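As structure tokens, the structure follows; a few thoughts come after it.
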Amino acid sequence: MDETNESAGERLAAIRARIDKARERFGAPPDAVTLVAVSKTFGPEAVVPLLESGQRIFGENRVQEARDKWPGLKARYPGIELHLIGPLQTNKVKDAVALFDVIESVDRDKVAKALGAEMEKAGRRLPCFVQVNIGDEPQKSGIPVDETVAFVGRCGTDYGLEVVGLMGIPPLDVPPGPYFALLADLARQCGLKNVSMGMSADFETAIEMGATHVRVGSALFGAR
Ligand SMILES: *Cc1c(COP(=O)(O)O)cnc(C)c1O
């Protein structure tokens with residue numbers, strides 16, 4: 001094993017250990033938290049050591065970048081599950097449905113409608129998360145908190161999407177705990193069991209608030 005490979009494996013093991021500790025503090029069972037390794041901006045040479053170490057679930061925030069990076073890796077490593085975690089433009093919906101396995105960033109009616117139509121056409125019904133603007137910040141994407149329950153309902157009834165959870169990003173520079181609690185509570189109100197929240201700086205807090213998916217980039221791959 002070369003040195004890069006070893007250190008990527010070690011970083012992965014260290015993050016997994018921290019996830020397990022936080023999960024035990026929350027009292028959740030062993031398979032309750034899924035690690036989504038966020039590989040945006042990093043090339044295949046950085047991703048391969050994690051694949052060799054057994055990681056199979058990855059997140060990307062741009063459709064075009066993912067298209068350049070992942071088809072080759074998916075052909076070489078079976079069982080990859082690719083999550084779209086960034087904003088989706090309607091003109092990229094076709095490519096996104098073809099390449100990704102989970103869409104975590106459904107954030108408005110126009111995109112939900114286009115996704116539903118494309119999934120129907122392609123015969124690929126992907127699990128989706130609705131992204132919620134949990135801090136109600138004007139510059140952030142996501143459905144407003146007080147419109148979430150109705151939007152999740154429309155995604156199923158009007159657009160034919162299979163919504164499995166909520167995703168959110170708390171505001172910077174304030175303690176994230178209350179925002180994570182809000183998102184977990186909203187998911188309960190919607191009858192959804194998955195909550196994607198927590199990144200490198202705050203995934204342990206997110207797990208203690210009920211995260212089922214944490215999206216960790218820089219703590220695994222290094223600074224961007
Ligand atoms: C980049 C990104 C992450 C990972 O952030 P890190 O701080 O590097 O762990 C998680 N979620 C989303 C939506 C992102 O864009």
Side-chain angles (χ1 to χ4, degrees), residues 7-8 10-19 22 33-43 46-47 49-50 55-70 81-89 92 96 99-108 111 115 126-143 145 148 163-177 179-180 182-184 186-187 194-224:
S7 65
E10 281 168 5
R11 278 201 298 274
L12 180 63
I15 295 294
R16 288 194 174 286
R18 286 170 59 189
I19 288 173
V33 181
T34 298
L35 170 62
V36 180
V38 177
S39 46
K40 66 186 187 195
T41 77
F42 290 93
V47 174
L50 285 190
Q55 177 67 26
R56 285 294 180 276
I57 304 177
F58 290 85
E60 290 282 347
N61 70 335
R62 287 168 185 273
V63 177
Q64 187 57 51
E65 183 188 340
R67 271 188 80 188
D68 294 340
K69 194 187 304 183
W70 283 97
E81 181 181 299
L82 203 55
H83 290 222
L84 178 64
I85 60 170
L88 183 57
Q89 309 300 322
K92 295 278 169 62
L99 178 65
F100 286 91
D101 303 291
V102 178
I103 309 290
E104 291 204 22
S105 46
V106 180
D107 63 357
R108 56 196 192 279
V111 161
L115 277 170
L126 308 180
C128 296
F129 288 68
V130 164
Q131 182 172 351
V132 182
N133 188 352
I134 42 179
D136 280 327
E137 298 171 277
Q139 79 282 11
K140 271 216 183 112
S141 42
I143 203 83
V145 169
T148 301
V163 177
V164 299
L166 300 181
M167 186 269 255
I169 306 168
L172 284 174
D173 304 323
V174 292
Y179 296 96
F180 292 148
L182 171 70
L183 191 64
L186 268 178
N194 294 296
V195 193
S196 175
M197 58 187 187
M199 319 203 305
S200 292
D202 54 21
F203 67 87
E204 286 146 313
T205 306
I207 290 167
E208 287 167 39
M209 297 290 169
T212 61
H213 293 69
V214 291
R215 308 177 309 270
V216 177
S218 48
L220 281 170
F221 290 96
R224 285 183 296 271

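If you read the sequence from its start, that first residue is 1, and numbering goes on from there. Each ligand, and each atom within it, is numbered from 1 in the order the structure gives. Everything numeric in this text was worked out from a predicted model, so none of it was measured.
- Taking the side-chain contact (heavy atoms from CB on, under 4.5 Å) definition, one finds that Thr212 meets it with Asn194, sequence neighbours left out.
- Between Leu186 and Val132 there is a side-chain heavy-atom pair separated by less than 4.5 Å.
- What sits closest to atom 9 (O) of ligand 1 on the protein, heavy atoms only, is Ser200 OG, 2.5 Å.
- Side-chain contact check for Glu104 and Ser196: at least one donor-acceptor pair (N or O, by modelled atom type) lies under 3.5 Å.
- Residue, atom and distance of the protein heavy atom nearest to atom 14 (C) of ligand 1 are Lys40 NZ, 3.1 Å.
- No more than 12 heavy atoms of other residues, nucleotides or ligands shown are found within 6.0 angstrom of CZ on Arg67.
- Annotation for ligand 1: atoms under 4.0 Å from non-hydrogen atoms of Val216 are 9 (O).
- For atom 13 (C) of ligand 1, the closest non-hydrogen atom of the protein is Ile85 O, 3.4 Å.
- The single protein non-hydrogen atom nearest to atom 10 (C) of ligand 1 is Met199 SD, 3.1 Å, given as residue, atom name and distance.
- Note that the CE atom of Met197 and the NE2 atom of His213 stand 12.0 Å from one another [nearest 0.5 Å].
- The Ile169 neighbourhood of ligand 1 comprises atoms 13 (C), with distances under 4.0 Å to a heavy atom of that residue.
- Residue Arg224 has at least one N or O atom closer than 3.5 Å to an N or O atom of ligand 1.
- Applying the 4.0 Å criterion to heavy atoms of Arg215 picks out, from ligand 1, the atoms 4 (C), 9 (O), 10 (C), 11 (N), 12 (C), 13 (C).
- Under the side chain to side chain contact (heavy atoms under 4.5 Å, CB included) rule, Phe58 has a single partner from Val38, Asp101, Val47, which is Val47.
- Shown here are the side-chain contact (heavy atoms from CB on, under 4.5 Å) partners of Phe42, two or more places apart in sequence or in another chain: Ala46, Phe221, Arg224.
- Polar contact with ligand 1: present for Gly217 (N/O pair, distance under 3.5 Å).
- With Gly168, Ala223, Ser218 as candidates, the residue nearest to atom 7 (O) of ligand 1 on a non-hydrogen basis is Ser218.
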